[in-house]
Amino acid sequence: MNRNAWERWIFCAVSLVLLLCAAVYRPVIYGNSPGEIARYLRWEMEDRGIGPIQLLAVEDEGADRFAVFQGEKRPDERYLVRFRQNQDGDYEADGHPMWMYGPYPVRGVYSQALDGDGEVCFAVWNESETLAEVRLRVNDAPEVEVSIPAPPSLTIWRFQVKGTEWRLEDRYFDTTGNMLP
């Protein structure tokens with residue numbers, strides 16, 4: 001092989017490696033501010049077909065930050081993403097954004113459980129004027145009453161589980177104590 005052939009081969013090999021690196025590179029986008037969270041969500045959700053993102057809430061709960069958002073093309077769907085604070089104080093995304101169940105049991109109530117490391121965070125996004133309380137029972141434990149603030153609001157309830165299997169029962173109530181259908 002002559003010198004020009006070797007130079008072309010090395011150029012092609014280096015170009016291929018750089019192209020591979022560019023294809024798998026994913027910049028770290030922190031969730032330290034609503035602007036950074038929106039940028040992260042645009043990056044994560046670009047191929048899900050929900051359209052432009054509207055950030056509905058960003059709330060801190062302990063060392064975690066939660067963000068609720070919706071897409072313009074699917075206005076009845078809500079999504080939740082969790083950011084965990086690292087040792088430098090930055091919030092890093094913990095997994096991918098998750099679709100929230102709802103509207104359930106009435107229009108404007110969405111929920112999702114996020115589990116990991118023996119702890120589960122049950123998130124309730126409330127847009128309903130009627131919801132005031134959720135009663136939750138994990139496995140065979142006693143029922144717990146969780147107050148839900150006036151809308152729009154995000155409520156996070158944490159509970160511990162052993163192992164990977166658990167069952168959560170949830171019931172929703174209005175301000176007068178009547179169970180919502």
Side-chain angles (χ1 to χ4, degrees), residues 28-45 48 50 53-71 74 76-139 141-175 180:
V28 175
I29 303 172
Y30 294 112
N32 294 334
S33 70
E36 288 178 332
I37 291 171
R39 190 171 134 220
Y40 168 78
L41 293 174
R42 282 191 303 273
W43 177 275
E44 272 289 319
M45 303 298 286
R48 294 201 194 175
I50 68 168
I53 301 290
Q54 179 186 3
L55 200 56
L56 301 173
V58 175
E59 297 204 14
D60 293 344
E61 170 67 33
D64 294 334
R65 177 166 286 167
F66 295 89
V68 176
F69 64 98
Q70 71 183 50
R74 297 184 188 165
D76 287 338
E77 293 183 1
R78 302 294 179 270
Y79 297 85
L80 176 72
V81 65
R82 177 185 193 175
F83 295 86
R84 290 190 176 207
Q85 197 170 36
N86 65 21
Q87 65 231 22
D88 298 327
D90 293 316
Y91 288 95
E92 294 182 12
D94 182 38
H96 299 285
M98 297 183 70
W99 175 78
M100 297 183 82
Y101 295 96
Y104 168 82
V106 293
R107 187 127 187 95
V109 178
Y110 301 83
S111 63
Q112 180 59 264
L114 304 165
D115 60 351
D117 303 330
E119 180 187 62
V120 177
C121 294
F122 184 69
V124 176
W125 173 249
N126 181 30
E127 297 173 4
S128 169
E129 294 291 335
T130 44
L131 180 65
E133 178 181 273
V134 178
R135 295 181 191 164
L136 302 161
R137 174 175 288 141
V138 179
N139 297 331
E143 190 172 70
V144 175
E145 297 175 358
V146 178
S147 295
I148 305 296
S153 67
L154 176 62
T155 303
I156 306 295
W157 182 65
R158 296 175 184 264
F159 59 95
Q160 301 295 316
V161 293
K162 293 181 182 176
T164 57
E165 293 188 26
W166 50 271
R167 184 180 88 270
L168 176 70
E169 295 174 19
D170 52 341
R171 298 184 304 144
Y172 298 79
F173 295 84
D174 64 17
T175 54
L180 296 170

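The CH2 atom of W157 lies 10.0 Å from the CG atom of D170; values are rounded to the nearest 0.5 Å. The distance from atom CZ of R107 to atom CG of L131, rounded to the nearest 0.5 Å, is 15.0 Å. The CD1 atom of I156 lies 10.5 Å from the CG atom of D60; values are rounded to the nearest 0.5 Å. Atom CG of L114 and atom CG of D94 lie 8.0 Å apart (nearest 0.5 Å). Rounded to the nearest 0.5 angstrom, L180 CG and E133 CD are separated by 10.5 Å. Separating the CD atom in Q70 from the CD atom in E127 is a distance of 7.0 Å, to the nearest 0.5 Å.
For the pair N32 (side chain) and Y91 (backbone), a donor-acceptor distance under 3.5 Å is present. Put simply, the side chain of N126 gets close to the backbone of P149: a donor and an acceptor are under 3.5 Å apart. With hydrogens and angles ignored, the 3.5 Å screen pairs no side-chain donor or acceptor of D174 with any backbone N or O of T130. Looking only at distances, no side-chain donor or acceptor of R135 sits under 3.5 Å from a matching main-chain atom of V146. A side-chain donor-acceptor contact under 3.5 Å links R137 to the backbone of A141. In this structure, Y110 contributes its side chain and D76 its backbone to a donor-acceptor pair below 3.5 Å. When atom types are taken as modelled, the side chain of E44 and the backbone of Y40 share no donor-acceptor pair closer than 3.5 angstrom. Of the possible donor and acceptor atoms, none in the side chain of Q112 sits under 3.5 Å from a partner among the backbone N and O of M98.
Checked against the 6.0 Å centroid threshold, F69 and Y79 count as a close aromatic pair.
Put simply, the side chain of V138 does not reach to within 4.5 Å of the side chain of R167, judged on heavy atoms. Residues P97 and R48 have side chains in contact (heavy-atom distance under 4.5 Å, counting atoms from C-beta outward). Here the side chains of W166 and D115 are in contact, with some heavy-atom distance below 4.5 Å. Under the 4.5 Å side-chain criterion, counting only non-hydrogen atoms from C-beta, V124 is not in contact with L154.
With sequence neighbours left out, E143 forms a salt bridge (Lys or Arg N to Asp or Glu O under 4.0 Å) with R171.
Among residue pairs with one or both ends in residues 148-164, those qualifying as salt bridge (charged side-chain N to carboxylate O under 4.0 Å, His left out) are E61-R158, D64-R158, E119-R158; sequence neighbours excluded.
Just one of P103, P152, P151 meets the side chain to side chain contact (heavy atoms under 4.5 Å, CB included) condition when paired with W125; it is P152.
Across every non-hydrogen atom of R82 and C121, the tightest pair is NH2-SG, 3.5 Å. When all heavy atoms of D88 and N86 are compared, the closest pair comes out as N-OD1, 2.9 Å. Across all their heavy atoms, I37 and G31 have their closest contact at CG1-CA, 3.6 Å. Here the closest heavy-atom approach between residue I148 and residue S153 is recorded as CG2-OG, 4.0 Å.
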D90/Q85 under side-chain contact (heavy atoms from CB on, under 4.5 Å): CA gap, chis, key distance, verdict: CA-CA 5 Å; D90 293 316; Q85 197 170 36; over 6 Å; no
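Judged by the 6.0 Å and 45° rule, R65 forms no cation-pi pair with F83.
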